[in-house]
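Computed from a predicted model, the values in this text were never measured in an experiment. In what follows, chains carry the letters A, B, and so on, assigned in the order in which the sequence lines appear, proteins first and then strands, with residues in each chain numbered from 1.
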2 protein chains.
Amino acid sequence: MPSSTVEDYLKAIFQLSRKSTDGKRVALGAVSEQLGLTAGTVTTMMKHLQSEDFVSYEPRRGVTLRESGEKAALQVLRRHRLIEAFLVDIMKLDWADVHEEAEILEHAISDKLIQRIDEMLGHPSHDPHGDPIPTATGEMDNATFAALADVESGHYQLMRVSRDDSEYLKWLSSHSLHPGQALQLVSRDHFAGVITLKVADAEPIQIGETAAQALLVKKC
Amino acid sequence: MPSSTVEDYLKAIFQLSRKSTDGKRVALGAVSEQLGLTAGTVTTMMKHLQSEDFVSYEPRRGVTLRESGEKAALQVLRRHRLIEAFLVDIMKLDWADVHEEAEILEHAISDKLIQRIDEMLGHPSHDPHGDPIPTATGEMDNATFAALADVESGHYQLMRVSRDDSEYLKWLSSHSLHPGQALQLVSRDHFAGVITLKVADAEPIQIGETAAQALLVKKC
DNA sequence: ACCTCTACTTTGAGTAGTCAAACTAAATAA
DNA sequence: TTATTTAGTTTGACTACTCAAAGTAGAGGT
């Protein structure tokens with residue numbers, strides 16, 4: 001059983017490895033950035049994770065998850081996402097507040113309780129941010145979507161919000177921008193970096209490219 | 001914000017202090033016993049807790065909680081007991097399995113979530129073992145009850161079960177012995193140390209004095 | 001008054017995780 | 001090719017918690 005510290009490292013490496021250009025290799029700097037730790041701390045931990053067979057680590061080149069590391073990361077992700085879904089659907093907490101809570105609970109909840117939560121929710125496939133929930137055996141849907149920032153005018157469905165900060169999520173909420181929501185990209189000003197979109201039949205709203213980067217959409 | 005280790009110490013001291021014969025003073029041996037730690041570890045920690053103003057510690061005489069220590073202990077107890085109630089009433093987990101889970105979650109759940117749980121349960125006054133739940137401001141009902149082991153024949157109501165081990169609780173369950181349950185002490189054999197009792201209109205059951213020590217009852 | 005036992009304290013050491021600061025390899029620029 | 005910058009590594013130190021084992025204070029027995 002990895003400690004909760006180790007779980008955090010594995011989760012970070014897993015998530016960074018999905019965006020990696022170089023195979024699934026992750027630079028240690030990205031890990032220290034993500035976890036808010038110094039570079040030296042991360043180097044030390046990589047050696048330890050290697051000795052525990054969670055990762056393979058090549059000095060100065062980066063780390064990749066080994067099988068047991070990936071398995072552990074998927075379990076943490078599963079717990080995290082089921083907890084988020086639970087907190088929103090059953091506990092009726094605000095979408096925007098749920099991430100931090102889950103960040104802690106993911107290390108504290110037993111398998112038995114996670115299983116119970118999964119049942120109560122009817123084995124959901126996605127969490128409130130639209131992220132896929134790995135199964136108990138570690139399968140995960142790996143569909144990818146285009147960012148609203150990279151897409152032309154047309155009709156879309158919001159599939160995923162890939163950003164956790166609470167203020168941003170509150171703002172999305174206030175404009176009914178939840179996963180599943182249909183929206184229309186009305187126009188974009190490439191020079192100003194501003195996108196105009198319509199959600200249902202509300203007034204059109206303006207959104208910057210950075211904010212649009214986190215909105216993952218599917219054409220429809 | 002005390003660490004979860006410190007919370008465990010404070011909770012242990014609080015609970016031991018209620019059984020203390022010497023005012024509210026608790027012997028360090030009792031603490032190390034309760035927490036499963038060596039005596040030296042506890043001595044070290046007592047100095048630390050004193051320096052943090054949680055307890056007052058007199059070498060070789062014992063510890064008593066100071067105000068902030070008692071407050072912290074009551075908050076932990078509140079979280080623990082609300083979590084137990086939540087796991088039984090909402091999550092439908094077995095009474096017997098809930099203690100261990102709560103032992104961990106009590107250190108991981110935020111105030112916001114505890115508040116939500118409290119609302120969902122309708123501000124319960126007691127947990128599934130019949131233990132009183134301290135209020136958010138730290139008030140706690142301190143009613144005491146006699147142990148079934150110390151009481152004569154007659155009709156009683158089971159008010160509290162003061163033991164956490166899962167096997168024991170499973171056995172109680174199987175005989176419908178939950179807090180609130182009416183029961184009759186039919187007879188007792190002081191020499192054999194065996195008590196005969198009837199629960200509702202089931203067959204009479206036999207129970208030893210040790211087991212009866214954890215069953216706290218009210219005459220009725 | 002002395003001895004002994006028990007409960008407690010002290011000491012020295014270990015684990016897990018962290019940082020700051022000095023150092024170094026390798027990529028990039030000149 | 002050499003110099004500079006950047007990313008990563010090493011070292012020494014610290015915090016929080018723990019144990020084992022050696023030492024001691026004080027209560028009770030003789």
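Between Trp171(A) and His175(A), the ring-plane angle classifies as tilted under the 30° and 60° cut-offs.
Counted within 6.0 Å of CD on Gln15(B), heavy atoms from surrounding residues, nucleotides or ligands total more than 12; the atom is thus considered enclosed.
Sequence order on DNA chain C of the closest nucleotides to Leu37(A) and Leu28(B) puts Leu28(B) first from the 5' end. Nearest-nucleotide positions on DNA chain C place Ser3(A) closer to the 5' end than the other of Arg60(A) and Ser3(A).
Rounded to whole Å, atom C1' of dA16(D) lies 17 Å from atom CE of Met1(B). dG17(C) atom P lies 13 Å from atom CG of Leu35(A), rounded to whole Å. Rounded to a whole Å, the CG atom of Leu49(B) is 12 Å from the P atom of dA16(D). The distance between atom CD of Glu58(B) and atom P of dA25(D), rounded to the nearest whole Å, is 18 Å.
Checked against dC17(D), dT9(D), dG17(C), the side chain of Ala39(A) finds its nearest nucleotide in dT9(D). Of the candidates dC17(D), dT9(D), dT18(C), dT18(C) carries the atom nearest the Thr41(A) side chain, counting heavy atoms from C-beta on.
An OP1 or OP2 oxygen of dT18(D) is reached within less than 4.0 angstrom by a side-chain nitrogen or oxygen of Tyr9(B). The phosphate of dA20(D) (OP1 or OP2) has no side-chain N or O of Thr38(B) nearer than 4.0 angstrom. A close approach under 4.0 Å does occur between a side-chain nitrogen or oxygen of Tyr57(A) and OP1 or OP2 of dT9(D). Note on Lys47(B): a side-chain N or O is less than 4.0 Å away from OP1 or OP2 of dT10(C).
Among the atoms of the strands shown, only primed sugar atoms or phosphate atoms (P, OP1, OP2) are found under 4.0 Å from some heavy atom of Gly29(B). Residue Thr43(B) is in base contact, counting any heavy-atom pair closer than 4.0 Å across all strands shown.
Residues Arg81(A) and Glu106(A) are not paired through a salt bridge, judged by the lack of any N-O separation under 4.0 Å between the basic side chain and the carboxylate.
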With side chain to side chain contact (heavy atoms under 4.5 Å, CB included) as the test, would you mind laying out the steps for His126(B) and Asp131(B) before giving the verdict? CA-CA 5 Å; His126(B) 292 79; Asp131(B) 288 313; over 6 Å; no

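In this structure the side chain of Val26(A) never reaches within 4.5 angstrom of the side chain of Phe14(A), judged on heavy atoms.
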